[in-house]
Visitor: 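Below is a structure I'd like to ask you about.
Reminder, nothing fancy here: chain letters follow the sequence lines and each chain counts from 1. Values in this document were obtained by computation on a predicted structure and should not be read as measured data.
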Protein chains: 4
Amino acid sequence: MPRGAARSEAAHAAILASVASLVDRVGYDAVTIEGIAAEAGVSKQTIYRWYPSKSAIIAEALVEGRLLGEDFTIPDTGDTAADIAAWLEHVLTFLASRNHAALLSSLVAASVDSPEIGLRISERLGLGGPTIAERVQRATDAGELSPVLSPDQIDQLIVGVIMMRALGRNPYEQGEARRLVGALLEVTG
Amino acid sequence: MPRGAARSEAAHAAILASVASLVDRVGYDAVTIEGIAAEAGVSKQTIYRWYPSKSAIIAEALVEGRLLGEDFTIPDTGDTAADIAAWLEHVLTFLASRNHAALLSSLVAASVDSPEIGLRISERLGLGGPTIAERVQRATDAGELSPVLSPDQIDQLIVGVIMMRALGRNPYEQGEARRLVGALLEVTG
Amino acid sequence: MPRGAARSEAAHAAILASVASLVDRVGYDAVTIEGIAAEAGVSKQTIYRWYPSKSAIIAEALVEGRLLGEDFTIPDTGDTAADIAAWLEHVLTFLASRNHAALLSSLVAASVDSPEIGLRISERLGLGGPTIAERVQRATDAGELSPVLSPDQIDQLIVGVIMMRALGRNPYEQGEARRLVGALLEVTG
Amino acid sequence: MPRGAARSEAAHAAILASVASLVDRVGYDAVTIEGIAAEAGVSKQTIYRWYPSKSAIIAEALVEGRLLGEDFTIPDTGDTAADIAAWLEHVLTFLASRNHAALLSSLVAASVDSPEIGLRISERLGLGGPTIAERVQRATDAGELSPVLSPDQIDQLIVGVIMMRALGRNPYEQGEARRLVGALLEVTG
DNA sequence: ACCTAAGCGAGACGGTACGTCGCGTCTTACA
DNA sequence: TGTAAGACGCGACGTACCGTCTCGCTTAGGT
């Protein structure tokens, strides 16, 4: 059994809280390890003891829900098209409010040199369990839908739209999500 | 009329050549102003005289075709769907070769802090003239196509796919572009 | 006979005026060639055409009386001790007023790497013609004085006092010059 | 009680050693912070952590005896005039050898912008304890001497001679110190 | 009345050094 | 042994001046 003081949960929490606050206020790029340490009242060494890099802290903050804190789980009501449309609307609406698009785009930039962050963003956006591709596949197998495009392509197109919105800051147009999903899934009704 | 010595075209060209070479060799993030200056045989001050930041240099290198040098103009043969499919295939094939996806994704990350770069990337990818949305709109007006989605949505979906590919490094699957464009534009043939 | 435009006296004068003003305002060290050029409305090239260095400009400004502009000629009334005392009093009084000590000390600092400046300062302080040593020698030869110290030593001591005053910023005490000169020249009266 | 790592004595010593060596080799003006850092194998930041400016480093090097390392303490044998004469001879002889006059004059120039340096030079030359003025005062009170000039004036004259020597680079003449001190202190013997 | 060789302002250029920031590693003293 | 504090070597930042070098204009003798 290890001797000496145990890992300080207070320090741990302070780090995550500070990094979330800083990312929100100044953006990912302008966040520095020294800034986090100062804001959290923690020594740099403590940070480096638990995290190998700035992006690892961000990744954990994502997992802990300190960033992108809302619940973006894809609902499961039996109507796959409606579920996905509702979820997409939720995501796009979220991006259109406050500086959430800026937050997400700075995280996307971060994910370029940290695949981990990309993965955590996906999870946070509700894609941690069954992905859109899987949902579509299942619905197709069940005869619920018969889309022209493959489930993977549909997944990619929808996530691509989210990315474009995060990067481009376009406003959200009422009903857009429903129309898009409807078209992609060939929901004729 | 401006007085004083004119801007040195030699220095100008050397800067752009060096930045292109460096981005290619070490990646966007690892490029430094001092590195550019050293490689170009130019003083830092000369760089700062003409560019406010690293991203401005990248933006100009993009405009000058020193990065993403290929011709990605969307063809115009009369068949809009085929034109766009051919163009998309070209872009996706390009991204699948060498370290081009890494290059583009690092540029996308850069564009988060520099809208200018985002704009120049679009231009370089052939979207500087009539956009996909415009092409689709024109074809729809001419009765050539009657897609379910709006031209803007189609545009966004297609560009979104390119982004996803750049960020995700998936390989390109033969014929993918054609299938995707076909489905989005409702080309039943 | 030379052809082409003649040296611009306007530029010449503007340079000297600016350098004098700048030395007075910011001190020798903080004066820059670029600052002079900007203040004088003159190009750097024009300055370098006529002066090899900053200290050369200072030297000329001294010669022209733009710095240390007062007349410090040693009087010649026949009474050597009184002459020197009067002169010394004049110099020390000058140093005690305004920021003249600061000016002189910055010039002394300049003279460390520019003997030319040292020479010009001496001239300006009235030592350009017969030096103190020469005056004392002459008075000694004439039987007017019979000092214990050699003329050169006396000269050095008196100039040394001026230096100390310039460097040390002590205030001037009424009658000090007279007492000092009296003692050094053994004027018993 | 201060926490954190203590100041590195190794770095501290290396800085002082380097600055002493550089001043000796290239002269005060040509010494740069970057040069010191490179020579000492120390980062610039470490230098700036402890010293606000180049002159502060010089001041400390003076205090530590890395520059003007000789012992210039004024002796105290009971014979004040002889003590001062011996000390002055020591100083003037020192200045006449090697490039010591150049060293001192560059330090004097530096002291124009840094009173601290001026103070440290005085201390180094043996004037840190009882000054010449104090020694003369004491001797006068004891009836040992009865000089015409005030102790302060004598002090100033003697130090002025040292300055003149430093700035003027005259050679030292055998016995000069003794004659000078003799005359100023009215030692008739 | 033209040349044409200076002089001139403006200012770009390759450099060197500045003083600052943040990195990731380390050392110290305390709990 | 974990922690806050903080020093350290390092690399890059963006700025200030250096002294040299074009530019295009003005000026004024020589033909």
Visitor: Rounded to the nearest angstrom, tell me the gap between atom CD1 in C:Ile33 and atom P in E:dT16.
Guide: 20 Å
Visitor: Could you tell me how far apart B:Glu9 (CD) and F:dT22 (P) are, to the nearest whole angstrom?
Guide: 16 Å
Visitor: Select from D:Trp50 and C:Lys54 the residue whose nearest nucleotide in DNA chain F is closer to the 5' end of that strand.
Guide: D:Trp50
Visitor: How many Å lie between NE2 on A:His12 and C1' on F:dT3, as a whole number?
Guide: 15 Å
Visitor: Measure the shortest side-chain to side-chain distance between D:Val108 and C:Val112 over non-hydrogen atoms and say whether it is less than 4.5 angstrom.
Guide: no
Visitor: Can you tell me which nucleotide in F:dG19, F:dA7, E:dG7 comes closest to the side chain of C:Ser8?
Guide: E:dG7
Visitor: Would the distance check show the side chain of C:Ser106 and the main-chain N or O of C:Leu103 forming a donor-acceptor pair, the cut-off being under 3.5 Å?
Guide: yes
Visitor: With respect to the side chain of D:Ala11, which nucleotide from E:dG11, F:dC8, E:dG19 is positioned closest?
Guide: F:dC8
Visitor: Do D:Glu60 and D:Leu16 touch side chain to side chain, with heavy atoms closer than 4.5 Å?
Guide: yes
Visitor: Rounded to whole angstrom units, what separation is found between the CG atom of A:Asp29 and the P atom of E:dC21?
Guide: 18 Å
Visitor: Could you check whether any side-chain heavy atom of D:Arg120 comes within less than 4.5 Å of a side-chain heavy atom of D:Arg124, counting everything from C-beta outward?
Guide: no
Visitor: Using atom OH of D:Tyr51 as one end and atom P of F:dA7 as the other, report the distance to the nearest whole Å.
Guide: 14 Å
Visitor: Both A:Glu34 and C:Arg7 contact DNA chain E. Taking the nearest nucleotide for each, which residue is further toward the 5' end?
Guide: C:Arg7
Visitor: Where along residues 37-49 of chain B does a heavy atom come under 4.0 Å from DNA chain F, residue by residue in number order?
Guide: B:Lys44, B:Gln45, B:Tyr48
